[in-house]
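Atom set for the values below is all heavy atoms of this structure, side chains included, hydrogens, waters and symmetry mates excluded. Please read these numbers as outputs of a predicted model, since none were measured by experiment.
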Amino acid sequence: MTRPASRNSSLYFDYPHYPFVRPPELDGETIRHPVIIVGAGPVGVTAALELARHGIRSVVLDDKDSVNDGSRAICIARHSFEILQQLGLSDRFVNKALGWTHGTSYYRMQPVFRLEMPHSEDERFYPMYNIQQQFIEQFLIDKAMEEALIELRWQSRLEHIELHEDCAILTIDTPEGDYKTESEYVIAADGARSAVRKSLGLKLRGDAYEGKYVIVDIQMQSDYPTERRAFFDPPANPGSTVLVHKQPDNIWRVDYQLQDGEDEETALQEDNIRKRVGAIVDMIGEPGPWELEWWSLYKAYTLALDDYRHERVFFTGDAAHLVPIFGVRGLNSGFADAANIGWKLAYALKGNAPDALLDSYSPERRGATMEIFDNATKSTRFMTPPTRGYALMREAALSLSISQQFSRPLINPRQSQPYTYVDSPLTAFPERNAEFDSGPGAGSPLVNRRIGEDDYLLDHLGHGFSGLYFNKSGALPDDLDDLFSKLDTDSEPFTPIIISTVQLNRDDLTVLQDREERIFDFYGADDGTFYLVRPDRHITARWRGIQPDEVLQAFKQALGEQSS
Amino acid sequence: MSKQLTTEALERIYDQLAEVVDKAGPEKEALLLSKLCLLLAQQLGDEETIRECIDIAARDLS
């Protein structure tokens with residue numbers, strides 16, 4: 001990341017300074033923490049907040065004394081906002097971020113593809129939001145600092161990690177010397193150059209892509225709405241591609257692909273950046289003025305660890321996987337990693353689930369990465385054609401799409417989608433799932449529905465497992481309360497949500513009125529339909545007609561107590 | 001153009017064409033693609049549609 005020579009600070013963001021606080025271990029105390037998280041980036045702090053939501057204490061280490069400099073991720077998807085909502089943070093993000101629903105791709109300045117992301121009044125959140133990563137980090141850290149169960153340790157660099165049968169021993173380097181500390185579990189959230197990964201001698205495997213992009217943030221006043229604009233072979237960058245995104249505080253993200261044979265070092269000189277960006281600003285019809293915030297060089301990779309669990313260590317975010325930026329899957333899959341490992345570690349640490357639950361982290365989240373790779377490989381081949389053949393085919397698809405409809409899906413950027421844990425060992429009763437004609441299936445996340453003014457289905461989820469019980473008859477089965485009480489664990493209560501078309505006199509339960517059967521229809525429900533939902537909003541299993549014995553069996557399976 | 005390909009099938013064909021163009025090399029790619037056009041025309045067997053497709057392909061070349 002480089003800033004203009006004339007300036008060494010941001011045009012709009014005041015970087016906070018987080019001081020080093022001397023931990024007791026430096027004065028000879030031996031402490032065994034339940035969880036140490038390495039890396040106070042967005043994924044690490046989200047994991048800490050998720051653990052705290054379940055009552056688990058954690059220590060977060062970071063070698064920096066501030067948030068990340070320069071912007072990294074800018075797009076947060078709806079399913080990430082639903083995670084942030086569960087952490088009690090979505091209001092602050094909604095107020096700052098710019099929501100958007102569509103995008104346009106141009107070929108030589110003619111529109112050839114219109115990206116429309118699914119959106120309706122049933123959704124609390126937009127399908128996508130733009131916000132700079134430093135705001136994301138700051139909002140998360142502010143929340144973590146209010147949380148008594150989270151201890152943030154700044155200017156604390158992991159030097160070495162040693163794994164024992166019952167704990168991990170970490171050696172930490174600080175401004176006041178080294179110390180050793182112990183932890184039952186470790187979450188590695190320390191990014192692409194993960195020190196945890198290096199210390200354990202683990203390596204990412206996968207592919208690197210040919211094309212290179214220069215990524216520039218500029219400040220510029222403009223009323224143009226927030227959407228994704230992609231320009232293929234535009235006059236301002238002939239033969240290459242330009243992407244334009246709006247961000248809060250009048251910041252614009254401009255990504256442009258280096259042209260074939262263009263020298264990297266020359267291209268990254270400030271006067272050349274100014275020339276290129278100036279031409280792009282003119283091309284999109286902005287009168288300016290504009291100012292450079294920073295720029296950097298980007299190359300696409302698809303790299304991942306073979307296993308996201310290594311004994312007591314769980315790898316999350318960029319420490320586990322590097323994905324191409326096209327399709328905005330990096331941070332969004334990192335948020336999902338944090339939510340996934342967070343509740344599982346909490347259940348295991350409280351003795352509510354066996355170690356086998358933790359084994360499900362890697363198949364679920366690595367499975368998500370593999371699907372991302374499949375999509376990202378296609379979109380990256382389109383954004384940076386690796387060979388003459390792919391470049392020619394792309395030109396053909398773009399040129400045809402000016403007049404033809406059929407070739408336009410080839411231009412689809414395949415934006416981030418939540419992953420379905422349909423093949424997970426925790427997902428139960430596929431034969432019951434097959435009895436439905438509609439609604440989100442077993443393994444999928446719940447889908448939001450509007451209940452009323454500022455009131456949505458997902459607002460009613462609990463901290464632990466939740467269940468949607470659909471009622472039409474006005475009477476609940478006699479054994480339902482008994483079943484609900486068996487779904488409580490010692491420390492995590494079960495949250496039943498009754499969706500009813502008629503009045504129910506049960507003040508002790510959450511009852512959502514669905515007189516017009518809108519939620520019923522969407523969820524393919526009948527009187528007695530039941531959805532069992534994990535703490536991370538994914539559906540464990542569903543029944544057209546509730547089967548209490550099977551619900552208990554599915555609950556046990558979702559806690560890793562038995563395999564299917 | 002009556003029979004429709006799915007997007008997935010179209011993507012697979014896109015990839016196969018990209019790879020076969022690379023294999024042919026820049027000097028032979030035009031020959032390869034021209035042969036393919038004649039083959040597809042013969043398979044389609046509908047002169048009017050083929051002529052229409054040729055016109056569409058000739059659009060937006062610059």
Interchain contact, R394(A) with chain B, by part (heavy-atom threshold 4.5 Å): both
Decide if atom NZ of K299(A) counts as having more than 12 heavy atoms of other residues, nucleotides or ligands within a radius under 6.0 Å. yes
So CD of E19(B) and CE of M393(A): to nearest 0.5 Å the spacing works out to 11.0 Å
Is there a side chain to side chain contact (heavy atoms under 4.5 Å, CB included) between L392(A) and L33(B) once you walk through the steps? CA-CA 11 Å; L392(A) 185 63; L33(B) 295 171; 4.0 Å; yes
Answer with side chain, backbone, both or neither: which region of E395(A) has an atom nearer than 4.5 Å to a non-hydrogen atom of chain B? neither
Tightest non-hydrogen contact, residues I56(B) and S403(A), listed as CG2-OG, 3.9 Å
Which atoms of R388(A) approach chain B - backbone, side chain, both or neither, heavy atom under 4.5 Å: both
Rounded distance [0.5 Å steps], CZ in R59(B) versus CD in Q404(A): 6.5 Å
Using side-chain heavy atoms (C-beta onward) and a distance below 4.5 Å, is Y390(A) in contact with D15(B)? yes
Would one find more than 12 heavy atoms of other residues, nucleotides or ligands at under 6.0 Å from atom CD of E48(B)? no
For the backbone of D60(B) and the side chain of S399(A), can you confirm whether one donor and one acceptor N or O come within less than 3.5 Å of each other? yes
Does atom CD (Q42(B)) have a neighbourhood of more than 12 heavy atoms from anything else shown, all under 6.0 Å? no
Heavy-atom cut-off 4.5 Å, strictly under: side chain, backbone, both or neither for A397(A) against chain B? side chain
Taking atom CD of E435(A) as the centre, does the number of heavy atoms from other residues, nucleotides or ligands within less than 6.0 Å exceed 12? yes
Exercise: identify the closest heavy-atom pair between L410(A) and Y14(B): CD1-CD1, 4.0 Å
